[in-house]
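Each remark here refers to the structure printed beneath this line.
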Amino acid sequence: MAQTPPSGANNRLAREPSPYLRQHASNPVDWYPWGDEAFARARAENKPILLSVGYSACHWCHVMAHESFEDPTIAGLMNEWFINVKVDREERPDVDQIYQGVVQLMGQGGGWPLTVFLTPDLLPFYGGTYFPPGDKYGRPGFPRVLEALHDAWTAKREEVLRQSEEFREGLGELAGYGLDAVAGALKGEDIVAMGESMLRRVDGVNGGFGGAPKFPNPMNVALLLRAWRRSSGNEALKKAVLLTLERMALGGIYDQLGGGFHRYSVDERWTVPHFEKMLYDNAQLLHLYTEAYQVEPRPLWRKVVEETAEYVRREMTDARGGFYATQDADSEGEEGKFFVWKPEQVREVLAPELAELALRHFRLTPGGNFEHGATVLEAVVPVATLAADFQLPVEEGEARLGEARRKLFEAREKRVKPGRDDKILAGWNGLMIRGLAFAGRVFGREDWVGLARRSADFLLKELWDGQRLLRSYQEGQARIPGFLEDYGDLASGLTALYQATFEPKYLEAAEALVKAAEARFWDAEKRAYLTAPKDQQDLVVATYATFDNAFPSGASTLTEAQVALAALTGNKQYLELAERYVSRMREQLRQNPMGYGHLGLAADALVEGAPSVTFSGSREVVEPLLSVTRAAYAPTFAFAWKEPGAPVPPSMRETFEGREPVGGQGAAYLCRHFACEPPMKEPGEFARQLTLVTAGA
């Protein structure tokens, strides 16, 4: 007979810091966190492990939890036949990476919730994603799956073990995919070829890549811009970027009232999103829209950057300075309920004429565009058209629409908000530091730079001891050894923060992180980076950080940081592993650019010779030159400056040696391949030279 867990046994997850794991603490399932206790029981009782991987903002994770894990009958089957283990994929991306490979080998697409069945030795023998409680959606019901796998384990053990060994071999091949290609030097024309290959997958009507579901893919959009910069005038590349950014900014994937982007759109038009908001998406998009403003300074780009930064400050910033991981899709048990509107709700908030203006602008109709007649807001009708229709001057139309948005936002704030995963992840914080520091520098927003600085100071105090980085902080506790993405993302963010503040401590911390990462993760035999530290003991195969997926691979951000450090310090040694890794990945970059977008960004700066600009002179005299760098799209350049008379960090002595002001004026020393041009003191001349260089001249 199926059994429920003994009293209190399911409270193991209640002791876990992860909000996702705690969400399952009251399930009738006898859950264990990933660890030796679960593995030892599986070996002692000779039972297979049922591994369930998800995250707190995952809608379908909530669905499966409600349908199956809260059901006493299904939970009883799980408890009798399996040792049940829950993993938060945001805490253990290495475990998730390995076992996602199971469903890929089975010809499925992967995703969350991930459901994989393992031997007591952690070898997988079957897997899938979401399973319904009964047969539907073309999927077998979860109880039927449980019974079939229990029968196989009991009656066909040898066959199951053979299958698990085949999976082990397949996972090993997947982990090292692309690492056996012939190495070669990447060139500037390869960056253009990557962009032109991506361009063929762009939706020419709605922007973005492919059809539904549609993801923002910020690093790949950014690479299109890099290819345009090098392409000698292929305007189709730039047009694809601007179309994509415009459609996203006006669509439902962007929160039209509160700022920030949702995870992805279920349709090809960016209309209806899955409503969770991820820190890493917003970090990358903040950076991308800032770059777009440098390329073509539209008010819409500024608006998106300002509102996204404000969303992060308002909703995702801890009192100690760190940034939270995610915001949920659901509230009050319904996906998107916090974000959607019906016409009558708008009329309750706004005066009649203002309500009609908002209804028209956001295309709010009785039928709606979402479930139950509700509407996901889109900025559909332009302000100029609205003003003409309502016989208003454009300025007044803008003012009234702004008033409507403010009042609707204030009313929405009174609703029950979606849940929030308040753990602070080192890597994802590094991405947001990178985005905020860059946006703050370009737009002259010291408050955004301050947000980035507070996060960096918090992480360096609480998660970094100078030798080892921890991944997660929650409820006063730092835990889990950092993965490559944590080291790479944070190092990259700190190099960006240095360029926004010119405070050497951030550069010095980035250097220490890079050196520690190279020691902990570089596999000299494979000439590639491991995802997890070399001494990680609970993985059935070694995993390598190669692909850039929803967020960059740690190998890509580490390479970005290495190139930036070489540029800022003049130390060519930082390029040694960067060059070896990029040359190792050259064929993958060329053949599958969609999978290596951020590595392409890092490689672009590497190919250009780790370019840099060193400014000399007091802040007052170099300010006109610094202002040039804020406006210019110079994405491969790193910028260094110090106050005259200030001490020079040892690693930066070569950067500043012999680079003095010219004739009492500030000077800009523009360098590539560790060779510098004569100093420039006129902003116009500097702007022209920077533009020529960044155009590939």
Is it true that a side-chain atom of [X] and a backbone atom of [Y] form a donor plus acceptor pair closer than 3.5 Å?
X: N79; Y: P28; value: yes
X: H62; Y: S56; value: yes
X: N84; Y: L50; value: no
X: Q256; Y: A249; value: yes
X: R434; Y: Q284; value: no
X: Y289; Y: L245; value: yes

Listing, residues 382-393 side-chain donor-acceptor contacts under 3.5 Å, not counting sequence neighbours, or none:
unit_1, atom_1, unit_2, atom_2, d
D389, OD2, R360, NE, 3.1
D389, OD2, R360, NH2, 2.4

Going by salt bridge (charged side-chain N to carboxylate O under 4.0 Å, His left out), name the pairs with one or both residues in residues 334-345, residues two or more places apart or in two chains.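 Listed by first then second residue: E332-K337.
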Compute whether any side-chain donor of one residue and acceptor of the other, for [X] and [Y], lie under 3.5 angstrom apart.
X: E307; Y: Y254; value: yes
X: Q97; Y: T531; value: yes
X: Y293; Y: R298; value: no

According to ring-ring contact (aromatic ring centres under 6.0 Å, His included), does anything in [range] pair up with another residue at least two apart or in another chain? List the pairs.
range: residues 336-370; value: H262-F339, F275-F339, F275-F370
range: residues 205-224; value: F215-Y264
range: residues 78-115; value: Y55-W112, W81-H150, F82-F117

List the steps, then state whether side chain to side chain contact (heavy atoms under 4.5 Å, CB included) holds for M278 with E90. CA-CA 11 Å; M278 317 299 290; E90 294 170 359; 3.8 Å; yes
Worked verdict on W60 versus H274 for side chain to side chain contact (heavy atoms under 4.5 Å, CB included): CA-CA 10 Å; W60 285 100; H274 260 311; 3.9 Å; yes
Identify, with sequence neighbours excluded, every residue that meets side chain to side chain contact (heavy atoms under 4.5 Å, CB included) alongside [X].
X: A550; result: R263, Y280
X: D447; result: R445
X: A426; result: L463, L469, D486
X: D267; result: S265, R269, T271, V272

Checking R302 against E306 for the salt bridge (Lys or Arg N to Asp or Glu O under 4.0 Å) test, could you report, in this order, the C-alpha distance in whole Å, the side-chain angles of both residues, the deciding distance, and whether it holds? CA-CA 6 Å; R302 177 187 284 270; E306 289 175 344; 3.7 Å; yes
Under the rule for salt bridge (Lys or Arg N to Asp or Glu O under 4.0 Å), what residues qualify as partners of R201, not counting sequence neighbours?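 Checked R201 against salt bridge (Lys or Arg N to Asp or Glu O under 4.0 Å); zero matches.
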Under the salt bridge (Lys or Arg N to Asp or Glu O under 4.0 Å) rule, collect the residues that match up with K86, sequence neighbours excluded.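 Listed in chain order: nothing, the list is empty.
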Should D255 and K277 count as an ion pair when the cut-off is N to O under 4.0 Å?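 A salt bridge is present here (some side-chain N lies under 4.0 Å from a carboxylate O).
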Name all pairs fulfilling the side-chain hydrogen bond (donor to acceptor under 3.5 Å, both in side chains) condition that reach into residues 125-135, sequence neighbours left out, sorted by first residue then second.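 For residues 125-135: E67-Y130, T129-R139, D135-R144.
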